[in-house]
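Below is one structure, written out as structure tokens; the observations come after it.
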Amino acid sequence: MEKIIGGIKRDCYPVTPAQMVHMYTLQLSPSDEIVNIGTGQFFQFEMNIAALREALNRAIERCESMRLRLWKDPETGELWQYVMPYKNQYFEYYDFSAWDEDKAHEVMQKWTSQPFDTYRGDLSRIVIVSMPDGYNGFYLNVHHVCMDSSSVITFVKDVMSIYCYLMYNMPYPTPMTSYIESVKKDMTYEGSKRQARDMEYWHNKLAQPEPMYTDFTGFGRLQQQRQESGNPNQRWGRLPSPDGAGNTIVYELSKESTDKILKFAEQYDIPVSVVILHAIRTVLSKFNHNETDITIKNFVSRRSTVLNKKCGGVRMNCFPLRTIIEPAATVLESMKIIKKEQQDMFLHADYSTLRCYYEQRMHYGGAEGAVYDSVAFTYQPASSKSFIPYLKNIGFKSRWYTSGRQPMPMYITAMHRPGDGGLNFYFGYQTAVATPEEIEFLYYFTGRVLFRSIENPDKTVQEIIDMT
């Protein structure tokens with residue numbers, strides 16, 4: 001739809017349900033940096049800065065979502081998005097090569113805490129950076145309505161593939177796909193038969209008895225909220241944070257330990273995400289009096305088509321992954337239950353996240369902000385290093401920076417590490433609802449349960465709990 005913005009006609013499109021999740025986060029937050037994604041990509045070789053500038057510009061020209069703008073209609077309040085025409089940029093350069101590396105990362109973390117003006121101007125910032133020990137690359141900060149982590153990885157791949165073409169005569173990367181075409185396809189979903197099938201699926205979930213909230217710190221939080229509400233049978237919980245102040249703690253799993261997980265997943269045809277989800281849900285059960293009814297907020301990257309894999313943008317939806325698993329079930333039986341639930345969720349993952357959670361709250365009668373999941377989880381199966389053949393034998397460091405705000409109380413991301421492929425576990429948490437000690441406690445038991453489980457797949461869930 002054409003709109004006049006600043007005296008110029010723009011082809012505008014509605015904001016998608018996936019983007020609305022982040023707009024809802026902005027609405028609840030006192031500051032806008034809560035939706036920033038900051039990352040640094042550093043390669044251990046001397047870089048031609050002019051060539052990197054050219055590669056960055058070409059990649060932005062090819063990626064419509066890196067040129068997105070948001071506009072709020074002053075008369076109706078409706079939100080619209082449009083793509084700015086490509087305009088060549090001259091990216092700043094910072095030389096941190098003589099700095100202490102931690103100090104350089106502190107600077108980039110501060111950059112990540114600088115909010116964008118959501119409705120005016122650019123929604124991304126790129127800085128070319130030299131780091132200690134011969135590492136060079138770039139820092140990227142982008143508004144979450146424009147990109148998600150999968151988009152960032154794809155964009156980095158495109159930048160470095162173009163750079164390798166310019167410098168080493170490597171093949172030019174295949175074109176990115178159109179973000180706007182992806183949005184147009186999303187627009188056909190509303191009122192479609194596919195939406196009706198998805199609605200039926202999620203409404204059937206609501207026909208089940210009310211879930212049980214299980215907190216990552218144990219039963220105490222729900223017990224306290226029951227006392228405050230005067231309802232000893234309350235099953236929903238709430239994890240409010242007044243300002244979203246947060247932090248991220250990263251734990252590195254060794255390559256050897258990661259390989260054990262991958263080998264188990266391949267041997268038993270269990271997705272790696274399910275192996276980790278089994279560990280998280282078992283820990284939540286252990287921490288909450290061996291509760292059998294566990295719900296985890298599971299993120300789904302809707303990129304099953306070529307269009308969606310390379311279009312950029314944000315295509316992450318999240319839904320409640322609820323499993324009821326008896327203590328007598330074996331580890332493999334438990335994982336197969338989770339696998340089946342996750343596969344069904346994937347088939348119906350185009351449904352609106354906000355609508356799903358709103359309907360859940362209305363159906364069960366929870367208060368504003370009521371949830372049944374205390375932990376959100378996502379698994380990123382690959383890093384940008386794995387996509388760039390020319391750079392396979394070159395040192396590579398990837399860093400994800402926190403903005404100092406967290407949109408969710410507890411968000412666990414499992415992502416493969418550049419270089420050796422080992423798993424990193426990112427625990428993003430709000431400081432009002434968790435402490436570093438509680439995060440460490442949660443990670444410790446999750447690791448114990450995970451490896452006890454893959455070492456003893458025929459033991460029962462109860463036996464695994466007792467072993468940890």
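Along the sequence shown, residues are numbered consecutively beginning with 1. This structure is a prediction, so every number in the text was calculated from the model and none was measured.
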Is a donor from one side chain sitting under 3.5 angstrom from an acceptor on the other, for [X] and [Y]?
X: Gln380; Y: Tyr426; result: no
X: Ser130; Y: Tyr93; result: yes
X: Gln406; Y: Thr248; result: yes
X: Asn141; Y: Thr112; result: no

Contact check, side chains of [X] and [Y], non-hydrogen atoms, under 4.5 Å:
X: Arg62; Y: Pro173; answer: yes
X: Pro407; Y: Val35; answer: no
X: Arg67; Y: Ile60; answer: yes
X: Met108; Y: Met131; answer: yes
X: Gln81; Y: Val145; answer: no
X: Tyr135; Y: Glu101; answer: no

Those residues that, when tested against [X], pass ring-ring contact (aromatic ring centres under 6.0 Å, His included) (two or more places apart):
X: Tyr268; answer: Phe264
X: Tyr357; answer: none
X: Phe445; answer: Phe287, Phe441

Compare every heavy atom of [Y] with every heavy atom of [X], then report the nearest pair and how far apart it is.
X: Met335; Y: Ser453; value: CE-CB, 4.4 Å
X: Gly421; Y: Lys255; value: C-CD, 4.3 Å
X: Tyr179; Y: Gly313; value: CE1-CA, 3.7 Å
X: Pro320; Y: Asp373; value: CB-OD2, 4.2 Å
X: Leu307; Y: Thr177; value: O-OG1, 2.6 Å
X: Asp186; Y: Arg302; value: OD1-NH1, 4.0 Å

Keeping the roles fixed (side chain from [X], backbone from [Y]), state whether a donor-acceptor pair exists under 3.5 Å.
X: Trp202; Y: His348; result: yes
X: Asp198; Y: Ala349; result: no
X: Asn136; Y: Gly134; result: yes
X: Lys310; Y: Thr154; result: no
X: Tyr163; Y: Asn48; result: yes
X: Asn298; Y: Phe319; result: no
X: Ser151; Y: Val314; result: no
X: Asn456; Y: Arg452; result: yes
X: Ser192; Y: Tyr189; result: yes
X: Arg322; Y: Glu341; result: no

Please indicate whether [X] has more than 12 foreign heavy atoms, meaning atoms of other residues, nucleotides or ligands, lying under 6.0 Å from its [atom1].
X: Lys397; atom1: NZ; answer: yes
X: Arg120; atom1: CZ; answer: no
X: Tyr90; atom1: OH; answer: no
X: Lys185; atom1: NZ; answer: no
X: Phe91; atom1: CZ; answer: yes
X: Tyr358; atom1: OH; answer: no
X: Asn88; atom1: CG; answer: yes

So among Phe216, Phe299, Trp400, Tyr429, which one has a ring-ring contact (aromatic ring centres under 6.0 Å, His included) with Tyr411? Phe299
Of Phe377, Tyr444, Tyr251, which meets ring-ring contact (aromatic ring centres under 6.0 Å, His included) against Phe427? Tyr251
Which of parallel (below 30°), tilted (30 to 60°) and perpendicular (above 60°) describes Phe96 and Trp99? perpendicular
Evaluate the ring planes of His203 and Tyr351, with Trp represented by its six-membered ring, and classify them as parallel (under 30°), tilted (30 to 60°) or perpendicular (over 60°). perpendicular
Return each pair, listed once, that meets salt bridge (Lys or Arg N to Asp or Glu O under 4.0 Å) where at least one residue sits in [range]; pairs must be two or more places apart or across chains.
range: residues 8-24; result: Glu2-Lys9
range: residues 42-54; result: Glu54-Arg58
range: residues 132-148; result: Asp148-Arg303
range: residues 26-37; result: Glu33-Arg405

Pair Glu75-Lys3, salt bridge (Lys or Arg N to Asp or Glu O under 4.0 Å): steps then yes or no: CA-CA 12 Å; Glu75 296 181 359; Lys3 298 283 184 180; over 6 Å; no
Mind checking salt bridge (charged side-chain N to carboxylate O under 4.0 Å, His left out) for [X] and listing every partner two or more places apart, or none if nothing turns up?
X: Lys72; result: none
X: Lys309; result: none
X: Glu440; result: none
X: Asp122; result: Arg69

Pairs in or reaching into residues 104-127: which pass ring pair (Phe, Tyr, Trp, His ring centres under 6.0 Å), with residues at least two apart or in two chains? Tyr94-Trp111, His105-Tyr401, Trp111-Tyr139
Give the C-alpha distance, both sets of side-chain angles, the deciding distance and a yes or no for salt bridge (Lys or Arg N to Asp or Glu O under 4.0 Å) between Lys260 and Glu455. CA-CA 9 Å; Lys260 289 180 181 178; Glu455 291 162 1; 5.2 Å; no
State which residue, out of Ile270, Leu332, Val331, Val283, fulfils the side-chain contact (heavy atoms from CB on, under 4.5 Å) condition with His278. Val331
With Arg281 as reference, evaluate Ile337, Thr323, Val449 under the side-chain contact (heavy atoms from CB on, under 4.5 Å) test and give the passing residue. Thr323
Closer than 4.0 angstrom, basic N to acidic O: yes or no for Lys184 and Glu181? yes
